[in-house]
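Shown next, in structure tokens, is the structure this report addresses.
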Amino acid sequence: MTRILLRNGVIHTGLASGEPVSAMAVEDGRIVWTGTDPGAFADPDEMVDLEGRLVTPVFVDAHVHVVETGEQLLGLDLVGLSSREAVLEKVAAYVTDLGPQDLVLAQGWDETLWPDPTLPTAAELDRASHGRKVYLNRIDGHSAIVSTALMAQVPGIAGLSGWAADGRVEREALRALLPLLADLTPAGHAERGARAALQSMASLGIGAFHDNAGPAIGPESDLEAVKSESAAAGLHGTYYWGAHLGFGDLDRLGDISGLAGDLSADGSIGSRSAALTSDYADLAGHRGHAYLDPEELAEHIIGCTRRGIQAGFHCIGDQAIDNIAQAFRLAEAELGTETVRARRHRLEHCELPSATAIKTFADLGVIASVQPMFDGLWGGPERMYAARLGERWQEMNPFRTLLDAGVRIAFGSDSPVTPLDPWAAMHAAVHHRTPGQGITPAEAFAAHTVGGWYAAGIDDAGTLGPGQRATYAIWDRTAFPDLTSSDVADVVTPCLQTVVDGRTVFEKEGVR
């Protein structure tokens, strides 16, 4: 049993007391002492001089797609490209190193950034890729552009909802392609992707994550790859399988916390598939798509609650969120308020909730797993939300309203939809683009640390105090960043070491 004393640092405990701490002792993966006088902790086996550096609890990414994040890190990344021509050019350059049968898998295009939002067509992809199978996922993951050769591999795809002859697919047509993508990827692909994503997370001070897997995201083998690679890397994983009424999957999948995560109640604003109570501002007569009705949602909540696991749903539009709120009231009537509350059920994104829905979630202890960079990237009067929703953009991602109503929130990235960058995410939450919806730095930090642990049902992590898990990060700065600064560059903070349960999972030269 090794007793480690870290001293001469600036230790941001995350505790409400806010008392200054400059030293911390760790034993057997737990914090056993904190204070300002290192002499008060006797006979350590090892001493670490922090040289004035900042120590914080690790960040928790409460919504991430691990394999897909790794695919973006290792493969064809379309994020930030400024035109359809740039997308086609990047595809053409990428395929020069591929064999004729290799799948071209890419993600991240966003036509709202282009001067002309016209999408590439299947025919144009065919020419750029020289006839290869190509799948280009939109940045939100709810629509894609695919080549003729790939569509030809799915008989009957033209008869599915969400199919278009020009190569754009969503909803049923998109989901029909997923098993094919799994079959076409080479052996070891998921493991390599998971390994790259986990290494990136650890290097950013992210020591814990919630992997949002499910049959609409990827095969079960992807989830197993994430589990095995996480165990090897030493990060703390919480795993969700977003299968509606997937109770038969529980024993087979083993260590999962719930049938939650990206079990979709609707789609996304960017793909115009989020279910709204009013028309899209840029598509008259269209209100998106609700994939499950309140009775179907309630059946899932009740079944999960009775089995002692979390239920949860991907939900963005107000119609989908209202459906879920109604479903929770149905579950409450069946099971009782406290029985439902005890499970800490959760919602992913929850971007456009009504006041009635917010009260329901507060009453029943439903957690909102939210992504501040959605507002950072798409909020404001001249960005995507405003284009799709008009003045309703100001109702999106109401963090202040959620907290004031008593809804617990946890921060995540939804990577690869937005980058793995906890400091930028917290900055975006403090500097919310809707006046009055910004939150304090302390609230933002809590949402990205203890909030994520709470959402996973874990109550002995997220702060640095005696009895808590020794799960912390050491940063290359001597004070906590000023999240109130208007410049996000002011909060950029290189991570020097990430420790999970007393085990170092990342270390840069110069810490010891």
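Note that the structure is a prediction, hence the values are computed from the model and not measured. Note: hydrogens, waters and symmetry copies are ignored here, and every other heavy atom, side chains too, is used. Residues take their numbers from the sequence shown, with the count starting at 1.
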Should [X] and [Y] count as side-chain neighbours, where that means a heavy-atom distance under 4.5 Å?
{"X": "Trp393", "Y": "Thr434", "value": "yes"}
{"X": "Ile269", "Y": "Leu276", "value": "yes"}
{"X": "Tyr472", "Y": "Val26", "value": "yes"}
{"X": "Phe411", "Y": "Val60", "value": "no"}
{"X": "Val226", "Y": "Tyr239", "value": "yes"}
{"X": "Thr401", "Y": "Asp404", "value": "no"}
{"X": "Val55", "Y": "Leu464", "value": "yes"}
{"X": "Trp475", "Y": "Pro481", "value": "no"}

Is there a donor-acceptor pair closer than 3.5 Å between any side-chain N or O of [X] and the backbone N or O of [Y]?
{"X": "Thr360", "Y": "Thr356", "result": "yes"}
{"X": "Asp140", "Y": "Ser271", "result": "yes"}
{"X": "His431", "Y": "Gly438", "result": "no"}
{"X": "Arg408", "Y": "Ala455", "result": "no"}
{"X": "Gln437", "Y": "Arg400", "result": "yes"}
{"X": "Trp241", "Y": "Ala260", "result": "no"}
{"X": "Glu68", "Y": "Gln107", "result": "no"}
{"X": "Asp318", "Y": "Leu352", "result": "no"}
{"X": "Glu443", "Y": "Thr440", "result": "yes"}
{"X": "Ser264", "Y": "His314", "result": "no"}

ask   = Stepwise, does the side chain to side chain contact (heavy atoms under 4.5 Å, CB included) test hold for Asp61 with Leu420?
value = CA-CA 8 Å; Asp61 193 316; Leu420 297 167; 3.5 Å; yes
task = Report the C-alpha distance between Glu338 and Arg343 in whole Å, list the side-chain angles of each, state the deciding distance to 0.1 Å, and finish with yes or no for salt bridge (charged side-chain N to carboxylate O under 4.0 Å, His left out).
result = CA-CA 9 Å; Glu338 292 310 313; Arg343 289 276 60 82; over 6 Å; no
request  = For the pair Phe445 and His12, evaluate ring-ring contact (aromatic ring centres under 6.0 Å, His included) and give the outcome as yes or no after the intermediate values.
outcome  = CA-CA 11 Å; Phe445 186 75; His12 186 86; 4.9 Å; yes
Can we call the ring centroids of [X] and [Y] under 6.0 Å apart?
{"X": "His345", "Y": "Phe361", "answer": "no"}
{"X": "His432", "Y": "His427", "answer": "no"}
{"X": "His300", "Y": "His244", "answer": "yes"}

message = Under the criterion side chain to side chain contact (heavy atoms under 4.5 Å, CB included), I'd like the reasoning laid out for Thr498 against Cys495: C-alpha separation, chi angles, the key distance, then a yes or no.
response = CA-CA 7 Å; Thr498 305; Cys495 181; 3.3 Å; yes
Check ion pair [X]-[Y] (N to O, under 4.0 angstrom):
{"X": "Asp459", "Y": "Arg344", "result": "yes"}
{"X": "Glu382", "Y": "Arg433", "result": "no"}
{"X": "Arg329", "Y": "Asp363", "result": "yes"}
{"X": "Asp211", "Y": "Lys227", "result": "no"}
{"X": "Arg341", "Y": "Glu332", "result": "no"}
{"X": "Arg192", "Y": "Glu71", "result": "no"}
{"X": "Glu111", "Y": "Arg138", "result": "yes"}

Atom of [X], atom of [Y] and distance for their closest heavy-atom approach:
{"X": "Ala243", "Y": "Asp249", "answer": "CB-OD2, 3.8 Å"}
{"X": "Leu78", "Y": "Trp109", "answer": "CB-N, 3.7 Å"}
{"X": "Pro353", "Y": "Leu402", "answer": "CG-CD2, 4.5 Å"}

inquiry  = Using the rule given for side chain to side chain donor-acceptor pair (under 3.5 Å), can you reason through Gln497 versus Thr504, listing the C-alpha separation, both sets of side-chain angles and the distance that settles it, and then say yes or no?
reply    = CA-CA 7 Å; Gln497 185 178 27; Thr504 297; 3.0 Å; yes
inquiry  = For a side chain to side chain contact (heavy atoms under 4.5 Å, CB included) check, start with the C-alpha distance between Ile145 and Tyr135, then their side-chain angles and the critical distance, and finish with the verdict.
reply    = CA-CA 6 Å; Ile145 307 165; Tyr135 182 92; over 6 Å; no
To the nearest 0.5 Å, tell me how far [X] [atom1] sits from [Y] [atom2].
{"X": "Tyr291", "Y": "Glu296", "atom1": "OH", "atom2": "CD", "answer": "14.0 Å"}
{"X": "Asn397", "Y": "Trp378", "atom1": "CG", "atom2": "CH2", "answer": "9.5 Å"}
{"X": "Phe59", "Y": "Trp423", "atom1": "CZ", "atom2": "CH2", "answer": "4.0 Å"}
{"X": "Met396", "Y": "Ile316", "atom1": "CE", "atom2": "CD1", "answer": "7.0 Å"}
{"X": "Phe313", "Y": "His349", "atom1": "CZ", "atom2": "NE2", "answer": "13.5 Å"}
{"X": "Thr471", "Y": "Asp501", "atom1": "OG1", "atom2": "CG", "answer": "4.0 Å"}

inquiry  = So if I apply the side-chain contact (heavy atoms from CB on, under 4.5 Å) rule between His448 and each of Pro372, Pro422, Ser413, Pro57, which one comes out positive?
reply    =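 Going through the options one by one, the only one that passes is Pro422.
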message = Applying the side-chain contact (heavy atoms from CB on, under 4.5 Å) criterion to Leu198, which one of Thr69, Val505, Leu235 satisfies it?
response =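 In the set Thr69, Val505, Leu235, the residue that makes a side-chain contact (heavy atoms from CB on, under 4.5 Å) with Leu198 is Leu235.
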key: Side-chain H-bond candidate by donor/acceptor type, Arg272 with His142, under 3.5 Å   =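 No, no side-chain donor-acceptor pair sits under 3.5 Å.
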request  = Would you please test Gln319 and Asn323 for side chain to side chain donor-acceptor pair (under 3.5 Å) and show each step?
outcome  = CA-CA 6 Å; Gln319 183 62 70; Asn323 290 346; 3.0 Å; yes
request  = Could you tell me whether Arg287 sits above the aromatic face of Tyr280, with NZ or CZ closer than 6.0 angstrom to the six-membered ring centre and within 45 degrees of the axis?
outcome  =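 Not flagged: Arg287 not positioned over aromatic ring of Tyr280.
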request  = Measure from NZ or CZ of Arg392 to the centre of the six-membered ring of Tyr385, then state whether that distance is under 6.0 Å and the direction lies within 45° of the axis.
outcome  =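 No, a cation-pi geometry is absent between Arg392 and Tyr385.
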request  = Test Thr449 against Thr463 for side chain to side chain contact (heavy atoms under 4.5 Å, CB included), laying out the working first.
outcome  = CA-CA 8 Å; Thr449 52; Thr463 60; over 6 Å; no
query = Yes or no on side chain to side chain donor-acceptor pair (under 3.5 Å) for Asp414 and His65, after CA distance, side-chain angles and deciding distance?
reply = CA-CA 7 Å; Asp414 198 15; His65 303 285; 3.0 Å; yes
inquiry  = Show, in sequence, the C-alpha distance, side-chain angles and deciding distance for Thr112 and Asp110, and conclude whether the side chain to side chain donor-acceptor pair (under 3.5 Å) test is met.
reply    = CA-CA 5 Å; Thr112 67; Asp110 181 357; 2.6 Å; yes
